[in-house]
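Just so it is clear: chains get the letters A, B, ... in the order the sequence lines come, proteins before strands, and each one is counted from 1.
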Protein chains: 2
Amino acid sequence: MATTTAADRREEAKQAFDAYFAECPSRKLLDRLSDKWVTLVLTGLAGGPRRYSDLSRRIAGVSQKMLTQTLRGLERDGLVRRTVTPSVPVRVDYELTPLGESLMPLVAAIKGWAEANIQTVEAARKTYDATA
Amino acid sequence: MATTTAADRREEAKQAFDAYFAECPSRKLLDRLSDKWVTLVLTGLAGGPRRYSDLSRRIAGVSQKMLTQTLRGLERDGLVRRTVTPSVPVRVDYELTPLGESLMPLVAAIKGWAEANIQTVEAARKTYDATA
DNA sequence: CCGTATCCTCCTCGATACTG
DNA sequence: CAGTATCGAGGAGGATACGG
């Protein structure tokens, strides 16, 4: 059947959207920033180089898997540099690259907005929940 | 046994972390912003009030469920106002509140950074993938 | 010390169908 | 037009055990 169904059109729209979406730069950045651990690792590295074990202690509650996964992702994106010192036992240091540093003002801005307005948001939620 | 195992200590740390974490304002904001559809809806509303069906067309690829869910969340947080006009058929408009508007510069900043640096990130990824 | 590999469990999200 | 209700697949992420 050559009939164009609603499902067909929806599917088509979805494809087009996904293609467009994948190209959206801010979307890509958001994908990185939205990761549960990324901002924590980033701020954890803000003060200078840190060892792996150091980070895992500073960022309480992170599993080895997630810490490694997050660091790998950030390294891949060129936001973090990984340095291995082949001693025994091995020592690994992580630090922000200039690109990574350039991202910190944004994180700070988000933090700033949040601290300034979180109370308003909380109040709005309370009101909303009470009304509903 | 009164012995404190490693698992015990990990569990304890997790509890403490979660409590601390739940209090972190930037974390809360990030939870909102990191949502796949939030920024899209927000930017969709940047130009002024929009009807529900209007939004669903502007934001191609969003399901009814997600659009409604996102709008509800934003309304609850006081970032978006919902106005129902009881005509037949019903008409519903959404618009940014002043609080919502105040968030837009941040979104713009993220967009700006992304557009300025996404190529560097992409290049870094290519290099990383090639090396590995 | 710094990971990798595996399993297993929520929980999000999309598809679909139905209502005021 | 603007939703709500329900179901099922898929992926994220934690626990655990093992390797260089």
Are the side chain of [X] and the backbone of [Y] linked by a donor-acceptor contact shorter than 3.5 Å?
X	Y	answer
B:Asn117	B:Trp113	yes
A:Thr97	A:Gly78	yes
B:Ser87	B:Val90	no
B:Asp77	B:Leu79	no

> Considering heavy-atom distances to DNA chain C, does B:Pro89 or A:Asp93 have its closest nucleotide positioned more toward the 5' end?
Replying inline: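 Upstream on the strand: A:Asp93.
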
Output the rounded distance in Å from [atom1] ([X]) to [atom2] ([N]).
X	N	atom1	atom2	answer
B:Leu71	D:dT4	CG	C1'	15 Å
B:Leu55	D:dC1	CG	C1'	14 Å
A:Leu67	C:dC1	CG	C1'	13 Å
B:Ile59	C:dG14	CD1	P	13 Å

>> Let me spell it out: for each of B:Val90 and A:Val90, pick the nucleotide of DNA chain D with the closest heavy atom. Which residue's pick is nearer the 5' end?
In response: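 On the 5' side of the pair lies B:Val90.
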
> Side chain of B:Arg82: nearest nucleotide among D:dA2, C:dT4, D:dG3?
Replying inline: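 Closest of the options to the side chain of B:Arg82: D:dG3.
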
>> Checking contacts here: which listed nucleotide (D:dT4, C:dG3, C:dG20) is nearest the side-chain heavy atoms of A:Gln64?
In response: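 Nearest to the side-chain atoms of A:Gln64, counting from C-beta on, is C:dG3.
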
> Within a strict 4.5 Å, meaning less than it, do heavy atoms of the B:Val84 and B:Arg82 side chains meet?
Replying inline: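 With C-beta onward as the side chain, the pair touches.
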
> Looking at A:Lys126 and A:Glu122, does any basic side-chain N land under 4.0 Å from a carboxylate oxygen?
Replying inline: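 Result for this pair is no, no salt bridge flagged.
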
>> Looking at A:Asp35 and A:Arg32, is there a salt bridge between them, counting it only when a charged N and a carboxylate O are closer than 4.0 Å?
In response: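 No.
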
Below the 4.0 Å mark, does [N] have OP1 or OP2 next to a side-chain nitrogen or oxygen of [X]?
X	N	answer
B:Tyr94	D:dG3	yes
B:Arg51	D:dA2	yes
A:Thr68	C:dG3	no

> Any idea which heavy atoms bring A:Thr83 and A:Glu95 closest together, and the distance?
Replying inline: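 Nearest pair, atom of A:Thr83 first, then A:Glu95: OG1-OE2, 4.3 Å.
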
>> Using five base pairs at each end to define the local axes, how bent is the helix from C:dC1-D:dG20 to C:dG20-D:dC1, to the nearest 10°?
In response: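 Roughly 50°, once rounded to the nearest ten degrees.
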
If you restrict it to nitrogen or oxygen atoms, what contacts under 3.5 Å exist between nucleotides 6-13 of chain D and the protein, and what is each distance?
residue : atom : partner : partner atom : Å
D:dG13  : N7   : A:Lys65 : NZ           : 3.0

> For A:Arg76, which of B:Thr127, B:Asp129, B:Thr131 qualifies under side chain to side chain donor-acceptor pair (under 3.5 Å)?
Replying inline: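 So, applying the side chain to side chain donor-acceptor pair (under 3.5 Å) to A:Arg76 and each of B:Thr127, B:Asp129, B:Thr131, only B:Asp129 qualifies.
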
